[in-house]
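Take a look at the structure below.
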Amino acid sequence: MQFELDPHAPVYIAGHRGLVGSAIWRRLDAAGFTQLIGASSSELDLRDRAATFAFLRDHRPSVVIDAAARVGGILANRDHPTEFLSDNLRIQVNLMDAALEVRTPRLLFLGSSCIYPKYADQPIRESSLLTGELEPTNDAYAIAKIAGLLQVQAIRRQYGLRWISAMPTNLYGPHDNFDPKTSHVLPALIRRFHEAKVNGVPEVVLWGSGTPRREFLHVDDLADACVHLLEQYDAPEPINVGVGADVTIRELAELVARVVGYTGALSNDLSKPDGTPRKLLDVSRLQALGWKPSISLEDGVAATYAWYQEHVA
Ligand SMILES: NC(=O)C1=CN([C@@H]2O[C@H](COP(=O)(O)OP(=O)(O)OC[C@H]3O[C@@H](n4cnc5c(N)ncnc54)[C@H](OP(=O)(O)O)[C@@H]3O)[C@@H](O)[C@H]2O)C=CC1
Ligand SMILES: C[C@H]1O[C@H](OP(=O)(O)OP(=O)(O)OC[C@H]2O[C@@H](n3cnc4c(=O)[nH]c(N)nc43)[C@H](O)[C@@H]2O)[C@@H](O)[C@@H](O)C1=O
């Protein structure tokens, strides 16, 4: 182990109420971490530079995990590039500038698989970064994320702080965003099929052609991978986090319909964008560090649907 994480040292999880932040909180809480720090966006708006600096000066965390961002699915990204660029740049720049000022020893920045070129060779290696054009529906978000991983690399090089960046694939699980317009595909389909079943709707419409392929990692696996990286990884290159397998959107829809118990028809709304045709991550570097996922897509979707029924439906 390269870094022994002290369970009694202050650990700040930015975005601790979100899909990823709450999973990391659960994972560290279960491991006996006693000084987890979080602040909602109404308590601390990370776009407010002065408030962010004051918060980091007050808490002086030993570890910062950046799971705070403006996040959304393909339509939210396509229709709001201004906010996806501006909010995410400000959140991460303020957080990392403030963490630098108090010399936070260890920081994990979370990017996304959408930073890679639209037509990158599959599976996508970290080295393909900036070798081709981005997917237009989320280029603003991707540029913000690329700026974030570059800021980590710059601070490592100039100040010697051992910060790292992880690039997760599409995530899902408890505390996801299930809003029909702004969410990602998997939670949107859970909600859509559930409501169609309950209301006896004969057909569910998928956005796009259903032919794009996506890789899905349960957020509890991601949280476990983040802790593993904080303990084992210390290099400037971003590191991919995924399962190493993908499905078509149509196959995902059929899986979700089966789990939900929906037996109606599926059709396609071709007026909606497909986005990147495929973004399967090469996870060989993560596997070489000794980590692999444990939650299958079928089990993960079933558990997420159960959570949805209890907390959202
Ligand atoms: N979901 C996915 O499929 C993927 C996500 N990621 C990355 O993981 C990270 C977390 O994403 P995810 O958990 O899905 O997103 P969520 O939307 O579920 O959570 C985002 C969190 O960020 C916080 N936040 C947003 N804006 C601000 C702000 N201005 N000030 C302070 N906090 C803010 C929110 O706080 P509050 O709840 O208090 O408003 C929320 O807790 C992001 O960096 C994202 O890019 C990467 C790959 C895939
Ligand atoms: C994690 C990654 O996630 C985003 O990229 P994305 O993977 O393309 O996002 P998505 O999950 O919204 O769509 C995946 C596919 O699914 C299809 N699709 C069908 N039916 C629905 C549907 O009902 N909702 C949605 N959202 N998509 C649908 C949709 O048309 C597309 O072909 C980035 O913006 C960015 O946030 C990012 O980094």
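Ligands are counted one by one from 1 in listed order, and the atoms in each one are counted from 1 as well. For reference, positions follow the sequence shown, starting with 1. As the structure is a computational prediction, the values presented were derived from the model and not from experiment.
- Within ligand 1, the atoms closer than 4.0 Å to a non-hydrogen atom of Leu44 are 30 (N), 31 (C), numbered from 1 in the order shown.
- Using a 30° and 60° split on the angle between ring planes, His175 and Trp307 fall in the tilted class, from 30° to 60°.
- The atoms of ligand 1 that sit less than 4.0 Å from any heavy atom of Leu19 are 1 (N), 13 (O), 14 (O), 18 (O).
- For the ligand labelled ligand 1, residue Asn177 lies outside the 4.0 Å heavy-atom shell.
- Between Ala39 and ligand 1, no N or O atom pair is found at a separation short of 3.5 Å.
- Side-chain contact annotation: His184 with Tyr172, donor-acceptor N/O pair under 3.5 Å absent.
- Leu280 and Ile115 are assigned to two separate hydrophobic clusters, defined by single-linkage of ILVMFWY side chains at heavy-atom distances under 4.5 Å.
- No heavy atom of Glu43 sits closer than 4.0 Å to any atom of ligand 1.
- Ligand-side atoms of ligand 1 in range of Ile91: 26 (N), 27 (C), 28 (C), 29 (N), range being under 4.0 angstrom from any heavy atom.
- Considering both main-chain and side-chain atoms, Asp66 never comes within under 3.5 Å of ligand 1 through any nitrogen or oxygen pair.
- In terms of protein heavy-atom proximity, atom 30 (N) of ligand 1 is nearest to Leu46 N, 2.9 Å.
- Contact residues of ligand 2 (protein heavy atom closer than 4.0 angstrom to a ligand atom; sorted by chain and number): Gly72, Gly73, Ile74, Asn77, Ser112, Cys114, Asn138, Tyr141, Asn170, Ser183, His184, Val185, Ala188, Arg192, Trp207, Pro212, Arg214, Ile249, Pro273, Asp274, Lys279.
- Proximity to Ser40 (heavy-atom distance under 4.0 Å) selects the following atoms of ligand 1: 38 (O).
- With no hydrogens or angles considered, no side-chain donor-acceptor pair links Asn88 and Arg70 at under 3.5 Å.
- When only interatomic distances are considered, the shortest N/O to N/O separation between Pro168 and ligand 1 does not fall below 3.5 Å.
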Hey, mind stepping through Tyr12 and His59 against ring pair (Phe, Tyr, Trp, His ring centres under 6.0 Å) and telling me if it holds?
CA-CA 8 Å; Tyr12 168 36; His59 292 281; 7.4 Å; no

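- Between atom 7 (C) of ligand 1 and the options Ala14, Gly111, Ala67, the minimum heavy-atom separation is to Gly111.
- Summarising the contacts of atom 47 (C) of ligand 1 with Asp176, Thr169, Asn170, the nearest heavy atom is found in Thr169.
- Counting protein heavy atoms only, atom 32 (N) of ligand 1 is closest to Ser41 CB, 3.7 Å.
- The residue from Val219, Val71, Asp45 that puts a heavy atom closest to atom 15 (O) of ligand 1 is Val71.
- Taking the six-membered ring where the residue is Trp, Tyr141 and Phe84 present perpendicular rings, their angle passing 60° and hence far from 30°.
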Show your reasoning for whether side-chain contact (heavy atoms from CB on, under 4.5 Å) applies to Arg78 and Asn138.
CA-CA 6 Å; Arg78 183 197 67 181; Asn138 58 45; over 6 Å; no

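- When the side chains of ILVMFWY residues are joined at heavy-atom separations under 4.5 Å, either directly or via intervening members, Phe216 and Ile74 end up in two distinct hydrophobic clusters.
- Closest protein heavy atom to atom 44 (C) of ligand 1: Tyr141 OH, 3.4 Å.
- Residue Trp163 is not grouped with residue Phe53 when hydrophobic side chains (ILVMFWY) are merged at heavy-atom distances under 4.5 angstrom, including chains of intermediate members.
- For atom 43 (O) of ligand 1, the closest non-hydrogen atom on the protein side is Lys145 NZ, 2.7 Å.
- For the ligand labelled ligand 1, residue Tyr172 lies outside the 4.0 Å heavy-atom shell.
- A donor-acceptor contact under 3.5 angstrom links the side chains of Glu135 and Thr137, judged on distance only.
- For Arg258 and Glu254, the salt-bridge test fails: no basic side-chain N is under 4.0 Å from an acidic carboxylate O.
- With respect to atom 5 (C) of ligand 1, the closest heavy atom belonging to the protein is Leu171 CD1, 3.9 Å.
- Distances between N or O atoms of Arg17 and those of ligand 1 include at least one value under 3.5 Å.
- Side-chain atoms of Ser128 and Asp121 form no donor-acceptor pair, as typed in the model, at a separation below 3.5 Å.
- Classification of Arg27 and Asp220 as a salt-bridged pair fails, no side-chain N sitting under 4.0 Å from a carboxylate O.
- The environment of Arg125 atom CZ is sparse: at most 12 non-hydrogen atoms of other residues, nucleotides or ligands sit within 6.0 angstrom.
- With respect to the salt-bridge test (charged N to carboxylate O, under 4.0 angstrom), the residues Lys118 and Asp139 do not qualify.
- Every atom of ligand 1 with a heavy atom of Gly18 under 4.0 Å away is listed here by number and element: 13 (O), 18 (O), 19 (O), 41 (O).
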Would Asp234 and Arg106 count as a side-chain contact (heavy atoms from CB on, under 4.5 Å) here? Give the steps.
CA-CA 10 Å; Asp234 185 26; Arg106 197 82 164 126; 4.1 Å; yes

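- Here's the thing with His16: none of its N/O atoms is less than 3.5 angstrom from an N/O atom of ligand 1.
- Applying the 4.0 Å criterion to heavy atoms of Leu110 picks out, from ligand 1, the atoms 43 (O).
- There is no protein heavy atom less than 4.0 angstrom from atom 34 (C) of ligand 1.
- Ile146 is not connected to Val93 by any chain of hydrophobic side-chain contacts under 4.5 Å among Ile, Leu, Val, Met, Phe, Trp and Tyr, and they are in different clusters.
- Looking only at atom types and distance, the side chain of Arg285 has a donor-acceptor partner in the side chain of Tyr233 under 3.5 Å away.
- Residue Ala69 holds the heavy atom nearest to atom 24 (N) of ligand 1 of all those in Ala69, Ser183, Ala51.
- Residue Val20 has at least one nitrogen or oxygen atom sitting less than 3.5 Å from a nitrogen or oxygen atom of ligand 1, judged on distance alone.
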